[in-house]
2 protein chains.
Amino acid sequence: MTDGVVERSRPRDRILETARDMFHKHGIKGVGVDAITEAAGTNKMTLYRHFESKDELIVECLRANAAKAGAMWDAFEAEFPGDKLAQLHAWVGKAAAMLNTDGRGCDMANAAAELTEPDHPARLVIKELKEAQRERLVTLCRGAGIGQAELLADTLSLLFEGARVSVQTVGAEGPSTQFVRMAEGLIVSFRGTAAG
Amino acid sequence: MTDGVVERSRPRDRILETARDMFHKHGIKGVGVDAITEAAGTNKMTLYRHFESKDELIVECLRANAAKAGAMWDAFEAEFPGDKLAQLHAWVGKAAAMLNTDGRGCDMANAAAELTEPDHPARLVIKELKEAQRERLVTLCRGAGIGQAELLADTLSLLFEGARVSVQTVGAEGPSTQFVRMAEGLIVSFRGTAAG
DNA sequence: CTAGGGTGTTACCGGTCTGTAACTTCCAGA
DNA sequence: TCTGGAAGTTACAGACCGGTAACACCCTAG
């Protein structure tokens, strides 16, 4: 019941969506393929007809997460076309909202914590997405006329990442409650010393 | 070989130390009790004579981590007695050094990512340690004469936490390289607006 | 020397894991 | 209506998981 997502669609999509949800909630090693297929209203054979292994399913889930994250950034551009500063503030707001959805942190970071083999195929996807997100944040900061755009982007990035794990360890009432204040303060501070 | 730690000491200590090391390297769910006891140069029965379950072993490992972290804070006080500002800078340095030891993040955060059951006994230990660390950081900031001590402590805390997961996802050459600059900049900035 | 507790050894239990084989059912398109 | 491919079903392989029982051993304290 809690892990539903059994609407009528192609089995592959249901498996992917269900796996994403269950990996997010229970961790990757905490979910078996049997549980996924059952929750997706299908069976193990069908899963292995569409994904050659659990590892490939994991990678595909992470890619789907990356796509969703990319769509979020596009939404910022669509809402505030050309106004990078407004997009930056929108990102802060969206990030803060994410902190209060559930107690689970970033799927990418969690996956990195679980999949310790240094050559696991998922690690590449994780690194790519994280670097892409940094790039987009840098672009926003630069476009907002901030001098040390890279430094601000990295600082905000670490702050958000830290806030997500803080929610996971001490809960949503911990230091993460101050995230917006910290982020906005940093933006003001960096704009004050702008070189553009 | 890589997971040695089989020196001659009481079996319980060897098990605890070996488990700590292996949990750190391979994750909690990535290591079985058989592998631990073998690496510790003992056997499963001996493990279950000293720990009533794997979960209790996990908790005990986290407690040992907490104790080690506590010792680190005490070392700051011992090295710079009474000088909270110097201790704060020492913490920044120590934190930065930790980022370059290995690619694995904080054991507590990783454990929180893996142990998703909300009432898992380990979650309590994790929360306690994280709150204790925040408390100590706040004390340092307050003792250093910083007005908004809580806010600075929380900011530094999130920054460090974020840096550790960043190392785990994109590697040590990512945004975490700027950690010291960010932290020191924040300290300067907060001291500038000190309220006495 | 002896007694006893900590330790090591072997075998096992029931369960779960990823992954596969062989077969049946269903359904859409020609 | 026929056909081919996608999906479902059942059973299984082989490995590993956490945890336990029964018993042999060794070393030290008395």
Side-chain angles (χ1 to χ4, degrees), chain A residues 3-23 25-62 110-111 114-117 119-123, chain B residues 3-23 25-62 110-111 114-117 119-123:
Chain A
D3 298 321
V5 199
V6 199
E7 345 105 32
R8 273 308 127 192
S9 56
R10 320 265 297 280
R12 187 185 195 277
D13 298 337
R14 282 178 325 192
I15 290 169
L16 202 59
E17 203 60 24
T18 307
R20 256 176 21 104
D21 184 53
M22 294 182 76
F23 285 156
K25 286 181 186 160
H26 314 297
I28 292 175
K29 300 233 171 111
V31 177
V33 293
D34 279 306
I36 294 171
T37 54
E38 189 193 331
T42 176
N43 55 75
K44 197 156 49 170
M45 270 315 302
T46 301
L47 186 153
Y48 280 102
R49 285 192 192 103
H50 289 288
F51 307 92
E52 75 168 10
S53 66
K54 185 187 180 182
D55 277 349
E56 194 192 282
L57 174 61
I58 294 167
V59 167
E60 230 51 50
C61 284
L62 293 179
N110 288 346
E114 283 198 83
L115 309 173
T116 64
E117 309 104 81
D119 58 346
H120 193 289
R123 300 200 73 87
Chain B
D3 298 322
V5 199
V6 199
E7 345 103 35
R8 274 308 125 192
S9 55
R10 320 269 294 281
R12 195 193 128 96
D13 298 338
R14 278 170 5 217
I15 291 170
L16 203 59
E17 204 59 25
T18 307
R20 254 174 24 102
D21 184 54
M22 295 182 76
F23 286 156
K25 285 182 187 159
H26 314 297
I28 292 174
K29 300 227 171 123
V31 177
V33 292
D34 280 305
I36 293 172
T37 55
E38 190 194 331
T42 178
N43 54 73
K44 197 154 50 167
M45 270 316 300
T46 300
L47 187 154
Y48 280 102
R49 284 190 194 105
H50 291 287
F51 307 92
E52 75 169 8
S53 66
K54 185 186 181 182
D55 276 350
E56 193 191 283
L57 175 61
I58 294 168
V59 167
E60 231 51 49
C61 284
L62 293 179
N110 289 345
E114 283 197 82
L115 310 174
T116 63
E117 309 103 81
D119 57 347
H120 193 288
R123 300 200 72 85

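All chains are named by letter (A, B, ...) in the order of the sequence lines, taking the proteins before the strands, and each is independently numbered beginning at 1. Predicted model only: the values in this text are computed from it and were never measured.
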Whole angstrom value for the distance that separates [atom2] of [N] from [atom1] of [X]:
X        : N       : atom1 : atom2 : value
Arg10(A) : dA7(D)  : CZ    : P     : 7 Å
Ile36(B) : dC16(D) : CD1   : C1'   : 14 Å
Arg12(B) : dG8(C)  : CZ    : P     : 15 Å
Phe51(A) : dT18(C) : CZ    : C1'   : 16 Å
Asn43(B) : dA11(C) : CG    : P     : 14 Å
Arg14(B) : dG6(C)  : CZ    : P     : 16 Å

Would you compute the distance between atom CG of Leu115(B) and atom CZ of Arg123(B) and round it to the nearest 0.5 angstrom?
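Reported to 0.5 Å precision, the distance equals 7.0 Å.
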What N/O pairs connect the protein and nucleotides 17-21 of chain D at under 3.5 Å? Give each pair on its own line.
from    : atom 1 : to       : atom 2 : distance (Å)
dG18(D) : OP1    : Lys54(B) : NZ     : 2.7
dG18(D) : OP2    : Val33(B) : N      : 2.8
dG19(D) : OP2    : Tyr48(B) : OH     : 2.6
dG19(D) : OP2    : Lys54(B) : N      : 2.7
dG19(D) : O5'    : Tyr48(B) : OH     : 3.4
dG19(D) : N7     : Lys44(B) : NZ     : 2.9
dG19(D) : O6     : Lys44(B) : NZ     : 2.4

Is the shortest side-chain N/O distance from [X] to OP1 or OP2 of [N] below 4.0 Å?
X        : N      : value
His50(B) : dT7(C) : yes
Thr42(A) : dA7(D) : no
Thr46(A) : dG8(D) : yes

For Asp13(B), which residues count as a side-chain hydrogen bond (donor to acceptor under 3.5 Å, both in side chains) partner, sequence neighbours excluded?
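With neighbours one apart ignored, the set is empty.
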Could I get the full list of salt bridge (charged side-chain N to carboxylate O under 4.0 Å, His left out) partners for Arg20(A), not counting sequence neighbours?
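Here the qualifying residues are Glu17(A).
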Using every non-hydrogen atom in the two residues, find where Val31(B) and Lys54(B) come nearest and quote the distance to one decimal.
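Where Val31(B) meets Lys54(B) most closely, the heavy atoms are O-NZ, 2.8 Å.
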Which heavy atom of Arg14(B) sits nearest a heavy atom of Ala40(B), and at what distance?
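Answer, listing the atom of Arg14(B) first, then Ala40(B): NE-O, 3.1 Å.
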Using only heavy-atom distances, decide whether a donor-acceptor pair under 3.5 angstrom links the side-chain of Arg49(B) to the base of dG8(C).
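Present.
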Which atom pairs, one a donor and one an acceptor, fall under 3.5 Å between side chains of residues 44-52 of chain A and the rest of the protein, sequence neighbours left out?
from     : atom 1 : to       : atom 2 : distance (Å)
Lys44(A) : NZ     : Asp34(A) : OD1    : 3.4
Thr46(A) : OG1    : Asn43(A) : OD1    : 3.1

